[in-house]
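Here is the structure we will look at.
Quick caveat, the model's predicted, so the values are computed rather than measured.
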Amino acid sequence: MCVCLNECLIMLGTRFRPLSFEVPKPLFPVAGVPMLQHHIEACAKVPNMKEILLIGFYQPNEELNRFLLNAQQEFKISIRYLQEYAALGTGGGIYHFRDQIVSGSPEAFFVLNADVCSAFPLTEMLSFQKEHGEPNSFVILGTTANRKQSMNYGCIVENEESNEVLHYVEKPSTFVSDIINCGIYLFNPDIFQHIGAVFQKNQQDMLLLYTDTEEEPTNGWHRAEAIRLEQDIFTALAGQGKLYVYKTLSFWSQIKSAGSAIYASRLYLNQYHTTHPERLASNKEGGPKITGNVYIHPTANIDPTAVLGPNVSIGTGVTIGAGVRVRESIILHGANLQDHCCVLNSIVGWDSTIGKWARVEGTPSDPNPNDPYAKIDSETLFREGKLTPSITILGCNVTIPSEVIILNSIVLPHKDLNRGFKNQIIL
């Protein structure tokens, strides 16, 4: 029997400034292509995939519409964006658009959070679902984290023989399990019965609240339709023989901050060796020196004496002068890196300029390389009243003068600097 799949992708906005001033976070380029394209490419490879739905609270604009049109043409699959009237949570969004999701009578559908970086083992999850549990069971993609970091995620206690989820706790205060939720799910239409039960309960609670206070609650999370899959659904389903976990050994990371985008870019660039080798630059006569994994857009103009890599992504129309050194960085559309400047652990914004012999450097926020289960930490912007050392970010149209050092700083768009800065936010 042919399996009809309807894929639903949740677009969740998080703090990504100043880069999100110019482009919605899900369209920010990671490893040379928009973040969402990695999700869409994985979905398009699933046999019998019929449609991809993007659900989010973003106001659609020309850039999003252009991305959707180009993606439909490239992957030969229907892709639609459905806008929520309010932020409804991971469960509320798919429940609000449940009629759209089930309109094609899918046997199953995937739900992926937009702010994750993964190898997306979707076909493996399908095979796992057929081999484990009931035909109408649900599957969570899980991975292993260390004991300390696991408490920053949804924690899963499983039956080691059947892989059934016995207990689920979202961000527990004490250690529960080292298996964490990756934010990638395989559902079937039965999930809407469980979400609907929570919706009915929320309606009743709202009615009682409205009766007691004689005021209609306006907070988003008091809306009956604001439902969280993790806290409201998985916690209740655990131990009922309906929910299973497929543990992946492939890479996975969240993309909560700009610093984590550089780490995600490294993971995707490494994956390109097997999925898209044509996207990786190589050393050629008359071209720049390439070290490690590097993506270069064909429109970039790069001096052959430049040295790029490892983990470098060069966007459209970028100009890189003689003797420039770039490492562990993302250089966005139209940027100009003048002769002999050095860019390390940084994101250089659209149409920004770095002067000759200038040095732009940040501090990487990578996971502990000596711990195979370590994940990237979601660092707070400030620690003990000081800016937490992290990557350097230049917003769009920033000008850095020659022979200065910009270290561990965030520069907002359209700034013309006249000196060096260290550990500062330039407003």
Would the distance check show the side chain of [X] and the main-chain N or O of [Y] forming a donor-acceptor pair, the cut-off being under 3.5 Å?
| X | Y | answer |
| --- | --- | --- |
| Asp232 | Arg228 | yes |
| Ser329 | Ser346 | yes |
| Ser352 | Ala335 | no |
| Ser409 | Leu407 | yes |
| Tyr81 | Gly56 | yes |
| Lys422 | Ile405 | no |
| Asn113 | Val116 | no |
| Thr235 | Gln231 | yes |
| Ser265 | Ile262 | no |
| Gln240 | Ala236 | yes |

Can you find a side-chain donor-acceptor pair between [X] and [Y] that sits under 3.5 Å?
| X | Y | value |
| --- | --- | --- |
| Glu170 | Tyr168 | yes |
| Glu41 | His276 | yes |
| Glu328 | Asn345 | no |
| His297 | Thr316 | no |
| Gln149 | Asn152 | no |

Using the ring centroid of each side chain, check whether [X] and [Y] are separated by less than 6.0 Å.
| X | Y | answer |
| --- | --- | --- |
| Tyr263 | Trp252 | no |
| Phe192 | Phe199 | no |
| His38 | Tyr268 | yes |

- Task: Could you list the residues that satisfy side-chain hydrogen bond (donor to acceptor under 3.5 Å, both in side chains) with Asn368, not counting sequence neighbours?
- Result: none
- Message: Among residues at least two apart in sequence or on other chains, which ones pass side-chain hydrogen bond (donor to acceptor under 3.5 Å, both in side chains) with Glu361?
- Response: Arg359
- Task: Dump the intermediate steps for side-chain hydrogen bond (donor to acceptor under 3.5 Å, both in side chains) on Thr353 and Asn336, then the final yes or no.
- Result: CA-CA 5 Å; Thr353 299; Asn336 182 6; 4.6 Å; no
Which heavy atom of [X] sits nearest a heavy atom of [Y], and at what distance?
| X | Y | value |
| --- | --- | --- |
| Val318 | Leu332 | CG2-O, 3.3 Å |
| Pro189 | Val102 | CB-CG1, 4.1 Å |
| Leu337 | Val324 | O-CG2, 3.7 Å |
| Gly292 | Pro310 | CA-CB, 4.1 Å |
| Ser118 | Leu141 | OG-CD2, 4.3 Å |
| Phe57 | Glu84 | CD1-O, 3.4 Å |

- Query: Would Asn408 and Asn423 count as a side-chain hydrogen bond (donor to acceptor under 3.5 Å, both in side chains) if you check the C-alpha gap in whole Å, the side-chain angles of each, and the deciding distance to 0.1 Å?
  - Reply: CA-CA 5 Å; Asn408 298 336; Asn423 297 327; 3.2 Å; yes
- Going through the checks in order, is the side-chain contact (heavy atoms from CB on, under 4.5 Å) test met by Ile302 and Leu308? CA-CA 10 Å; Ile302 303 175; Leu308 309 178; 3.9 Å; yes
Minimum side-chain heavy-atom gap [X]-[Y] below 4.5 Å:
| X | Y | answer |
| --- | --- | --- |
| Ile180 | Thr144 | no |
| Leu417 | Val404 | no |
| Val411 | Ile393 | no |
| Leu53 | Ile101 | yes |
| Ser137 | Leu243 | no |
| Phe421 | Ile426 | yes |
| Asp178 | Asn146 | no |
| Asn181 | Phe234 | yes |

- Residues Asn65, Glu62; criterion side-chain hydrogen bond (donor to acceptor under 3.5 Å, both in side chains); working and verdict: CA-CA 5 Å; Asn65 293 333; Glu62 182 181 348; over 6 Å; no
- Message: Tyr272 vs Arg279, test: side-chain hydrogen bond (donor to acceptor under 3.5 Å, both in side chains). Steps then yes/no.
- Response: CA-CA 7 Å; Tyr272 282 173; Arg279 290 180 182 173; 3.2 Å; yes
I need the [X] [atom1] to [Y] [atom2] distance, nearest 0.5 Å.
| X | Y | atom1 | atom2 | answer |
| --- | --- | --- | --- | --- |
| Leu280 | Asn293 | CG | CG | 5.5 Å |
| Ile94 | Ile233 | CD1 | CD1 | 8.5 Å |
| Leu54 | Leu64 | CG | CG | 7.0 Å |
| Glu160 | Glu158 | CD | CD | 6.0 Å |
| Ile140 | Ile184 | CD1 | CD1 | 11.5 Å |

Output side-chain donor-acceptor pairs under 3.5 Å for residues 66-73, partner residues at least two apart or in another chain, one line each.
{"from": "Asn70", "atom 1": "ND2", "to": "Arg66", "atom 2": "O", "distance (Å)": "3.3"}
{"from": "Gln72", "atom 1": "OE1", "to": "Ile79", "atom 2": "N", "distance (Å)": "3.2"}

- What residue among Phe75, Phe120, Phe110 forms ring pair (Phe, Tyr, Trp, His ring centres under 6.0 Å) with His39?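 Result for ring pair (Phe, Tyr, Trp, His ring centres under 6.0 Å) with His39: Phe120.
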- Message: I'd like to know whether CD of Glu278 has more than 12 heavy-atom contacts from other residues, nucleotides or ligands below 6.0 angstrom.
- Response: yes
- Query: For Val157, what residues pass the side-chain contact (heavy atoms from CB on, under 4.5 Å) criterion, not counting sequence neighbours?
  - Reply: His167, Val176, Ser177
- In plain terms, say whether Lys256 and Asp115 are close enough for a salt bridge, that is, a side-chain N and a carboxylate O under 4.0 Å apart.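 Yes, charged N to carboxylate O under 4.0 Å.
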- Salt bridge flag under 4.0 Å for residues Glu230 and Lys171: no
- Given the rule in the side-chain contact (heavy atoms from CB on, under 4.5 Å) test, do Tyr244 and Gln129 qualify, once you have shown the distances and angles that lead to the verdict? CA-CA 8 Å; Tyr244 292 79; Gln129 195 263 356; over 6 Å; no
- Task: With sequence neighbours left out, write down each residue that passes salt bridge (Lys or Arg N to Asp or Glu O under 4.0 Å) with Lys375, or none if nothing qualifies.
- Result: none
- Query: Phe138: what forms a ring pair (Phe, Tyr, Trp, His ring centres under 6.0 Å) with it, not counting sequence neighbours?
  - Reply: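 Partners of Phe138 by the ring pair (Phe, Tyr, Trp, His ring centres under 6.0 Å) criterion, ordered by chain and then number, come out as Phe187, His194.
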